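Right, one structure below, let's go through it.
No experiment lies behind these values; they were computed from the predicted model shown.
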Protein chains: 2
Amino acid sequence: MDKYQGLLKAHNLKSTHQRLAILKNISDAGHIDVEFLYSKLLEKFSSLSKATLYRNINDLLASNIIEEIKLPELKQQYEIKKEPHIHLLCKNCHNVKDINYNLDSVYSEISKDNKFKIEKSFIVIKGLCSNCV
Amino acid sequence: MDKYQGLLKAHNLKSTHQRLAILKNISDAGHIDVEFLYSKLLEKFSSLSKATLYRNINDLLASNIIEEIKLPELKQQYEIKKEPHIHLLCKNCHNVKDINYNLDSVYSEISKDNKFKIEKSFIVIKGLCSNCV
DNA sequence: TCTAATTCAGATAATTAATATCTTATTTAT
DNA sequence: ATAAATAAGATATTAATTATCTGAATTAGA
């Protein structure tokens with residue numbers, strides 16, 4: 001059974017070929033925007049309607065299977081929902097690397113200083129990756 | 001002399017009433033999206049064209065007088081360019097507070113661990129502000 | 001399996017957002 | 001005050017996203 005079929009079923013979404021291909025492509029890319037995702041999908045489903053893609057993106061977002069990532073100067077990106085992480089964005093090759101880094105002490109200090117109840121953080125660090133230095 | 005006239009002049013941009021009003025409204029709001037900015041501007045310039053607003057936003061971005069901020073689940077926001085800072089976004093009232101916090105040691109560690117040359121970071125922390133707890 | 005109910009895909013059409021073009025008006029340096 | 005340069009407004013155009021409708025695919029149950 002395909003890796004995503006159970007996930008779709010758990011959210012009462014039918015496992016259509018289109019949906020599975022959308023998830024596979026997002027997963028393979030790590031991060032992807034609508035335009036590029038559409039071009040990849042057309043390779044397999046030459047008749048795929050853009051409306052179908054947008055509809056599915058919205059359905060998958062609503063089910064929290066994927067999430068929107070806003071990266072500076074880039075179009076809206078989508079990724080499979082995973083644990084919170086920091087994005088390292090290379091300004092040259094536009095590759096995005098996900099890293100984990102414990103910021104609990106930072107958060108607790110910020111929370112205390114500003115009387116702000118932290119729920120989630122979005123961190124993008126822009127610069128040059130090792131390949132592009 | 002208006003506070004922004006010198007800035008515009010330094011970038012060879014004429015100080016039109018529209019431009020000054022755009023800067024004033026962005027500054028007053030702290031962060032603002034195109035739609036709300038347009039509605040605010042219409043109060044003063046009832047005939048302002050949306051094309052003028054978009055054109056000016058792009059001109060001001062190109063001159064680095066304002067910058068784009070991408071906040072999760074919200075439309076593209078604009079703010080007057082200032083020192084790097086962390087955004088605290090309240091998920092309830094959508095207010096955004098700017099804070100400063102020194103993350104140099106975090107950055108140097110991330111940079112070393114990932115062989116990544118850091119240029120700039122974008123940090124948004126979502127949660128509940130003191131008014132909305 | 002076969003069938004029926006449900007949901008989805010594809011094809012438009014319709015919105016909405018953003019940009020380009022053109023003419024008139026405003027700004028600014030002299 | 002005037003002339004050159006640039007910007008504003010109006011409009012058209014393009015791009016992005018969503019809505020609607022009908023036929024097709026999926027899935028649960030017999």
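Contact annotation: A:Gln76 does not reach the phosphate of D:dA16 (side-chain N/O to OP1 or OP2, under 4.0 Å). In terms of phosphate contacts, A:Arg55 brings a side-chain nitrogen or oxygen within less than 4.0 Å of OP1 or OP2 of C:dA9. Applying the 4.0 Å criterion to OP1 and OP2 of D:dA7, one finds that B:Asn56 has every side-chain N and O outside that range. Side-chain nitrogen and oxygen atoms of B:Gln18 include at least one within less than 4.0 Å of the OP1 or OP2 phosphate oxygen of D:dG9. Between A:His17 and C:dC8, a side-chain N or O to OP1/OP2 separation shorter than 4.0 Å is absent. Distances shown here put a side-chain N or O of B:Ser47 below 4.0 Å from the OP1 or OP2 atom of D:dG9. Within the structure, every side-chain polar atom (N or O) of A:Lys50 is placed at least 4.0 Å from both OP1 and OP2 of D:dA19.
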Residue pair B:Asn56, B:Asp59: steps toward the side-chain contact (heavy atoms from CB on, under 4.5 Å) verdict: CA-CA 5 Å; B:Asn56 275 312; B:Asp59 291 347; 4.2 Å; yes
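In this structure, B:Asp59 reaches neither bases nor backbone, as no heavy-atom distance under 4.0 Å exists between it and the strands shown.
Each of D:dT18, C:dG10, D:dT27 was ranked by its minimum atom distance to the side chain of A:Asn58; first place goes to D:dT18. With distances taken from any side-chain atom of B:Ala51 to the nucleotides D:dA28, C:dA11, D:dA10, the minimum falls on D:dA10. With C:dA17, D:dA10, C:dT28 as the choices, the nucleotide that has an atom nearest any side-chain atom of B:Lys14 turns out to be C:dT28. Of the candidates C:dC8, C:dG10, C:dA17, C:dC8 carries the atom nearest the A:Leu13 side chain, counting heavy atoms from C-beta on.
When the nearest nucleotides of DNA chain C are assigned to A:Thr16 and B:Tyr54 by heavy-atom distance, the more 5′-ward of the two goes with A:Thr16.
Per the geometry, NE2 belonging to A:His11 stands 18 Å off C1' belonging to C:dC8, to the nearest Å. Straight-line distance from the CG atom of A:Leu48 to the C1' atom of C:dC8: 12 Å, rounded to whole Å. Counting to the nearest Å, the C1' atom of C:dA9 and the CG atom of A:Leu42 are 14 Å from each other. Rounded to whole Å, atom P of C:dC8 lies 13 Å from atom CG of A:Leu23.
Looking only at side-chain heavy atoms (C-beta outward), B:Leu13 and B:Ser63 come within less than 4.5 Å of each other.
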